[in-house]
There are 2 protein chains.
Amino acid sequence: MPKKRILPYVLLGLINNKERLSGYQISQEFKNEVGDFWHASHSQIYPELARMKADGWVSDDESDNKSTYYIVTDQGSEILRNWMREPLDDNEELFSLKLYFIKDKSDPLLKDLITQELVLRKLKYQYLQERLKTVFTDDKKIKNNFGHYLILTRAIERERNHIQWLEDKL
Amino acid sequence: MPKKRILPYVLLGLINNKERLSGYQISQEFKNEVGDFWHASHSQIYPELARMKADGWVSDDESDNKSTYYIVTDQGSEILRNWMREPLDDNEELFSLKLYFIKDKSDPLLKDLITQELVLRKLKYQYLQERLKTVFTDDKKIKNNFGHYLILTRAIERERNHIQWLEDKL
DNA sequence: GTCCCCATGTAAAAAGTTACATGATTGT
DNA sequence: ACAATCATGTAACTTTTTACATGGGGAC
């Protein structure tokens, strides 16, 4: 199966968050927090917006003349919602991305997302602990692959911290 | 300036870690911890190894006939060392990657890397706290962009945890 | 007047993924 | 025998980056 495109959903989510955005504003958005888990350059953004408009996901708000502002159409809103509801997969950025697109604290998707992520992270946590046990069986192994050992123990601590945060939020 | 290629250095580092690796083994390595911060498919790996051999970074260990095993040449070792010494830039995977390639606990690069990363992370931490103050000035802003608020506070907590770990290791 | 930011667009190149291909070996 | 894994390679395609291009507006 072909890899799922994420960019158009990201643009849709960003426009939806702010009600209305121009291509330029979207490129600026990637300098903020969302840039920590997704990025696109203006040469990707403009053609993508044109495609999305042609497909009826967005329409341009004609009220302005210096910039082309886009707003999410009803169809786009439906498409975004369906995408938000798709289960998380192995792409680790999807959780943050989808979370970022939730505007309202009472949105039922919020709890669902966190619950899903919690399952995935606990599995990863267990897997990493197994790895630690199987790869570093004695001190000599640690001594001879110290960077690997640090990365692995860091990953475990990171998961632990993340899991705790997720549980706090539930 | 053109973007720096990382793949050949990753392959060099992986081969260096294990002394000798085949293309197939490298593709398997990406299923382990290193896959958390870098990945390449076999269709990237094999041609890249051929280029690296042509450039004298690696040579193939003829002692085997079922697989082509590569070993790092003296020149490759020098190139890897120089790359390891280059300062960290805005690519956040570089720290983990380079750390993974440090075999010996007493390697002076280890302390240097952690110190560099600590500077970068503290800057990021301060920046994120500023963002929190400027973006979420009142409860209404939090209420209307709850996902964004969560992502930002999560990022701050993640940095805090990471900084603490880095300081522990120094 | 020159530099920087706003604003949009296309073209060319590089990087990365998926699909197509082939043959050996190992396990059941 | 059949399936799975080992092992390598190329071709086609998609995604992303960098470079090229243009024009308006405000600051100094």
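Order of the sequence lines fixes the chain letters, A, B, ..., with proteins taken first and strands second; residue numbering starts at 1 for each chain.
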- Do A:Glu117 and A:Lys98 pass the salt bridge (charged side-chain N to carboxylate O under 4.0 Å, His left out) test, and can you show the C-alpha distance, the side-chain angles, and the key distance before you say yes or no? CA-CA 11 Å; A:Glu117 178 74 353; A:Lys98 289 185 174 182; over 6 Å; no

- Task: Please step through side-chain contact (heavy atoms from CB on, under 4.5 Å) for the pair A:Trp57 and A:Leu80, ending with a clear verdict.
- Result: CA-CA 9 Å; A:Trp57 295 24; A:Leu80 178 61; over 6 Å; no

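Using cut-offs of 30° and 60° for the angle between ring planes, the A:Trp165 and A:His162 rings count as parallel. Under the 30°/60° scheme for interplanar angles, the aromatic rings of B:Phe101 and B:Trp83 are found to be tilted.
Within a 6.0 Å radius of NZ in B:Lys103, other residues, nucleotides and ligands contribute more than 12 heavy atoms. Open room surrounds CG on A:Asp74; 12 or fewer heavy atoms of other groups in view lie less than 6.0 Å from it.
Tested against B:Glu159 for a side chain to side chain donor-acceptor pair (under 3.5 Å), the candidates B:Gln129, B:Lys124, B:Gln164, B:Arg121 yield a single pass: B:Arg121.
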Give each protein N/O atom lying under 3.5 Å from an N/O atom of nucleotides 6-10 of chain D, with the pair distance.
{"from": "D:dC6", "atom 1": "OP2", "to": "B:Tyr24", "atom 2": "OH", "distance (Å)": "2.2"}
{"from": "D:dC6", "atom 1": "O5'", "to": "B:Tyr24", "atom 2": "OH", "distance (Å)": "3.1"}
{"from": "D:dA7", "atom 1": "O5'", "to": "B:Ser67", "atom 2": "OG", "distance (Å)": "3.4"}
{"from": "D:dA7", "atom 1": "O3'", "to": "B:Ser67", "atom 2": "OG", "distance (Å)": "3.2"}
{"from": "D:dT8", "atom 1": "OP1", "to": "B:Thr68", "atom 2": "N", "distance (Å)": "2.9"}
{"from": "D:dT8", "atom 1": "OP2", "to": "B:Tyr24", "atom 2": "N", "distance (Å)": "2.8"}
{"from": "D:dT8", "atom 1": "OP2", "to": "B:Tyr46", "atom 2": "OH", "distance (Å)": "3.0"}
{"from": "D:dG9", "atom 1": "N7", "to": "B:His42", "atom 2": "NE2", "distance (Å)": "3.3"}
{"from": "D:dG9", "atom 1": "O6", "to": "B:His42", "atom 2": "NE2", "distance (Å)": "2.7"}

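A close approach under 4.0 Å does not occur between any side-chain nitrogen or oxygen of B:Arg5 and OP1 or OP2 of C:dA14.
Atom P of nucleotide C:dA15 and atom CD1 of B:Ile45 are separated by 15 Å, given to the nearest angstrom. Atom CD1 in B:Ile6 sits roughly 14 Å away from atom C1' in C:dG16 (whole-Å rounding). Rounded to a whole Å, the NZ atom of B:Lys4 is 17 Å from the P atom of C:dA14.
By the 4.0 Å N-to-carboxylate-O rule, B:Asp36 lies too far from A:Arg158 to be salt-bridged with it.
Direction change of the helix axis from one end of the helix from C:dG1-D:dC28 to C:dT28-D:dA1 to the other is 30°, with five pairs defining each end axis (rounded to 10°).
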